[in-house]
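No experiment lies behind these values; they were computed from the predicted model shown.
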Amino acid sequence: MIISAALVLLMTPALGLFYGGMTRAKAALNMMMMSFVSVGIVGVVWVLWGYSMSTGQGVLGVFGNPFASFGLSNVIGSPDLIKAGYSATFAILTVALISGAIADRAKFTSWAVFVPIWITLVYCPLAFMVWGGGLMSAGGAVSAVFGQVIDFAGGTVVEIASGTAALVLVLILGNRHGFGKDPGHRPHNIPFIMLGAGILWFGWFGFNAGAATTVEQAGLIWVNTLAAPAAAMISWLVVEKVRHGHPTSLGAASGAVAGLVAITPSCANISPLAALGLGFLAGAACAVFVDLKFKFGFDDSLDVVGVHLGGGLIGTLALGFIALPVDGAGGGLFYGGGLHQVIAQTVAVLITVAVSGLGTAVIGLAIHKTLGFRVSHEDELAGVDRTEHAETAYAFAELGFSRFNPFGHHTSPAHSVHAAASAHAAGRAPASAPAPAPVKAPAPVKAPVKEDSLV
């Protein structure tokens, strides 16, 4: 579990690479920072009250007592401490997933306020209800009425919850300027995307298999976590080829992630053959889902809704049909288990969408009406890297005009001229080579720069 926890923690920086490559160059750092800061904020929240709220002594079956294990002091010396650390990595990744939907236009400070509130009011209750002994856990009120919900690694708690929250925030913040028209909104760094997707897949083996209780169960989870994304990658590429004429690198990476999302809730409960079928379905379906944003006019910047909400729904509901029987009893509809599992999974989906949707709407609107959740038009055009962080991911222009001094810093031509003038005024020779010829002022721009040309 220690190794798996480390693998899952690595997934959040990997998500930063994946999302960072999908944005414009002038927003790449901001996108990565939204993932990185989630590690810091949720790490603190989880130690203080997050773990307590997701497990242990419950309040009405909805959330745990936040003071029961406050600061984790009472679990020192207990095996529960590593469980607390492992569960923290899930919470970190879940909220970071949401950020991709509002890329290029969210205030970083507002995001930093959103993260701990959402974890406290949305994620922790859902985690408690499904895994911590709450309403949808074994023996919970919902399970007693509708049947036991199956969600081994987070189809509801992680994928559907983050995808629903992403859709709500997109509607609150609105579309980017030029959405659907500006070609500059295309991904700026495909290698980052593929590297991030590869590390996500690597970490997902810990995400799915870390809670396995036997070698046999771990083996099934591992193979399923290989099979489903592999099949989903192929089916996504086939859909791209048929619809658009070209299979793309972005499609390969997105297809693999869609398969990983779909297998998350069912990794321990379906056969490898069923995992292949689920992957083929999820890859093809999510390839279609991501284009719905253009049809319905909502700017899900990095396809969080299409992949995580869409793939999460497919994977969670599919269990009603393809879940394996346990000791010869139960199972999905295709194994003779009747509609019981279909009903249980459907109820779990509806509860998750309601909790995440309503909770996110309240939090998002409160921040939007007070702090403001969206940057100004001018800041968006200039790029949120500069306006929010005073940094840029790339400095090609500065590098192109730099002059290397082995005994000092890189200096620009303007800096060299200034240094030479200062030395002359002080009555000494400049330390570097002779001063360059005066730089001519650039000719004035006759036509205004179009927004489309800003990158």
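Looking only at atom types and distance, the side chain of Trp204 has a donor-acceptor partner in the side chain of Thr264 under 3.5 Å away.
Within 6.0 Å of atom NE2 in His368, more than 12 heavy atoms from other residues, nucleotides or ligands are found, so the atom counts as buried in its surroundings. Counting non-hydrogen atoms of neighbouring residues, nucleotides and ligands closer than 6.0 angstrom, the CD1 atom of Ile2 reaches no more than 12 such neighbours. Within 6.0 Å of atom CZ in Phe202, 12 or fewer heavy atoms from other residues, nucleotides or ligands are found, so the atom counts as exposed in its surroundings. Environment of CD1 in Ile3: sparse, with no more than 12 heavy atoms of neighbouring residues, nucleotides or ligands closer than 6.0 Å.
Distance alone, capped at 3.5 Å, is enough to place a donor-acceptor pair between the Asn224 side chain and the Ile270 backbone. Listed for the Asp385 side chain is a donor-acceptor partner under 3.5 Å among the backbone atoms of Leu29. A donor-acceptor pair is defined here as one N or O able to donate and one able to accept, closer than 3.5 Å; such a pair exists between the side chain of Ser271 and the backbone of Ala274. For Asn74 (side chain) and Ala68 (main-chain N/O), a donor-acceptor pair under 3.5 Å exists by modelled atom type. Under a 3.5 Å cut-off, the side chain of Trp201 and the backbone N or O of Thr225 do form a donor-acceptor pair. The backbone N or O of Thr316 sits less than 3.5 Å from a side-chain atom of Gln345, completing a donor-acceptor pair. Judged purely by atom type and a 3.5 angstrom limit, Ser52 has no side-chain atom pairing as donor or acceptor with the backbone of Leu48. Side-chain N or O atoms of Lys83 include none that pairs as donor or acceptor with a backbone N or O of Ala211 at under 3.5 Å. Remark: side-chain polar atoms of Lys26 are not paired, donor with acceptor, to backbone N or O of Asp104 under 3.5 angstrom. Trp46 places a side-chain N or O within donor-acceptor distance of the main-chain N or O of Ala84, the cut-off being under 3.5 Å.
Judged as a salt bridge (Lys or Arg N to Asp or Glu O under 4.0 Å), and not counting sequence neighbours, the contacts of Glu380 are Arg374. Evaluation of the side-chain contact (heavy atoms from CB on, under 4.5 Å) rule for Ala5 yields Tyr86 as partners, not counting sequence neighbours. In terms of the ring-ring contact (aromatic ring centres under 6.0 Å, His included) criterion, residue partners of His389 (sequence neighbours excluded) are, by chain and number, Phe108. Ala287 pairs by the side-chain contact (heavy atoms from CB on, under 4.5 Å) definition with Trp236, Val239, not counting sequence neighbours. Scanning for side chain to side chain donor-acceptor pair (under 3.5 Å) contacts around Asn189 gives Tyr394, with sequence neighbours left out. Looking at residues two or more places apart in sequence or on another chain, you find a salt bridge (Lys or Arg N to Asp or Glu O under 4.0 Å) between Arg243 and Asp291. Legend: residues meeting ring-ring contact (aromatic ring centres under 6.0 Å, His included) with Phe280, ordered by chain and number and at least two apart, are absent. Every residue two or more places apart in sequence or in another chain was checked for a ring-ring contact (aromatic ring centres under 6.0 Å, His included) with His185, and none qualifies.
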Q.
Show, in sequence, the C-alpha distance, side-chain angles and deciding distance for Val95 and Ser162, and conclude whether the side-chain contact (heavy atoms from CB on, under 4.5 Å) test is met.
A. CA-CA 7 Å; Val95 73; Ser162 62; over 6 Å; no
Q: Using the side-chain contact (heavy atoms from CB on, under 4.5 Å) rule, take Val157 and Thr94 through it: C-alpha gap first, then chi angles, then the decisive distance, then the call.
A: CA-CA 8 Å; Val157 181; Thr94 302; 5.8 Å; no
Q.
Could you go through Asp182 and Arg24, starting from their C-alpha distance and side-chain angles, then the distance that decides it, and tell me whether this counts as side-chain contact (heavy atoms from CB on, under 4.5 Å)?
A. CA-CA 11 Å; Asp182 184 358; Arg24 294 179 285 185; 4.0 Å; yes
**Q.** Full working for side-chain contact (heavy atoms from CB on, under 4.5 Å) between Tyr19 and Leu97
**A.** CA-CA 9 Å; Tyr19 279 171; Leu97 288 171; 4.1 Å; yes
(Q) I'd like to know whether Thr248 forms a side-chain hydrogen bond (donor to acceptor under 3.5 Å, both in side chains) with Glu240, so could you lay out the CA-CA distance, the side-chain angles of the two residues, the decisive distance to 0.1 Å, and finally the verdict. (A) CA-CA 8 Å; Thr248 67; Glu240 276 193 329; 2.8 Å; yes
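Using cut-offs of 30° and 60° on the angle between ring planes, the pair His188 and Phe192 is perpendicular. Aromatic ring pairs are classed by plane angle as parallel below 30°, tilted from 30° to 60° and perpendicular above 60°; the pair Phe90 and Trp131 is perpendicular.
Here CD1 of Ile193 is found 5.0 Å from CG of Leu250. Values are rounded to the nearest 0.5 Å. With values rounded to the nearest 0.5 angstrom, Phe298 atom CZ is found 6.0 Å from Leu167 atom CG. To the nearest 0.5 angstrom, Trp49 atom CH2 is 14.5 Å from Ser69 atom OG. Taken to the nearest 0.5 Å, the NE2 atom of His308 stands 12.5 Å off from the CG atom of Leu313. If you take CZ on Phe321 and CG on Leu278, they are separated by 12.0 Å, rounding to the nearest 0.5 Å. Note that the NZ atom of Lys369 and the CD1 atom of Ile172 stand 9.5 Å from one another [nearest 0.5 Å].
When ring centroids are compared, Trp222 and Phe205 come within the 6.0 Å threshold. Aromatic rings of Phe128 and Phe63 (six-membered ring for Trp) have centroids beyond the 6.0 Å cut-off, not under it.
Side-chain contact between Thr156 and Leu126: absent, with no pair of heavy atoms (C-beta onward) separated by less than 4.5 Å. A heavy-atom distance below 4.5 Å is found between the side chains of Phe36 and Pro13. Residues Phe373 and Ile102 are in side-chain contact: their nearest non-hydrogen atoms beyond the backbone lie under 4.5 Å apart. The shortest distance between side-chain heavy atoms of Leu281 and Ile314 falls below 4.5 Å. Side-chain contact between Cys124 and Ile119 is present, with heavy atoms from C-beta onward closer than 4.5 Å. Looking only at side-chain heavy atoms (C-beta outward), Val353 and Leu350 stay at 4.5 Å or farther from each other. Residues Leu220 and Glu216 have side chains not in contact (no heavy-atom distance under 4.5 Å, counting atoms from C-beta outward). Under the 4.5 Å side-chain criterion, counting only non-hydrogen atoms from C-beta, Asp379 is not in contact with Val384.
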Hey, can you pull the donor-acceptor pairs under 3.5 Å for the side chains in residues 355-364, sequence neighbours left out?
| unit_1 | atom_1 | unit_2 | atom_2 | d |
| --- | --- | --- | --- | --- |
| Ser356 | OG | Ala161 | O | 2.7 |
| Thr360 | OG1 | Trp118 | NE1 | 2.9 |
| Thr360 | OG1 | Ser356 | O | 2.6 |

For residues 143-150, please give each side-chain donor-acceptor pair under 3.5 Å, one per line with the distance, not counting sequence neighbours.
| unit_1 | atom_1 | unit_2 | atom_2 | d |
| --- | --- | --- | --- | --- |
| Ser143 | OG | Met136 | O | 3.0 |
| Ser143 | OG | Ser137 | O | 2.9 |
| Gln148 | OE1 | Ala138 | N | 3.3 |

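Within the structure, no pair that satisfies the salt bridge (Lys or Arg N to Asp or Glu O under 4.0 Å) test touches residues 158-174, not counting sequence neighbours. Within the structure, salt bridge (Lys or Arg N to Asp or Glu O under 4.0 Å) pairs that include any residue of residues 296-319 comprise Arg105-Asp299, Arg176-Asp299, Lys293-Asp303 (at least two apart or interchain).
Smallest separation of non-hydrogen atoms from Gly310 and Cys286: C-SG, 4.2 Å. Closest approach of Asn175 and Gly297 over heavy atoms only: ND2-O, 3.1 Å.
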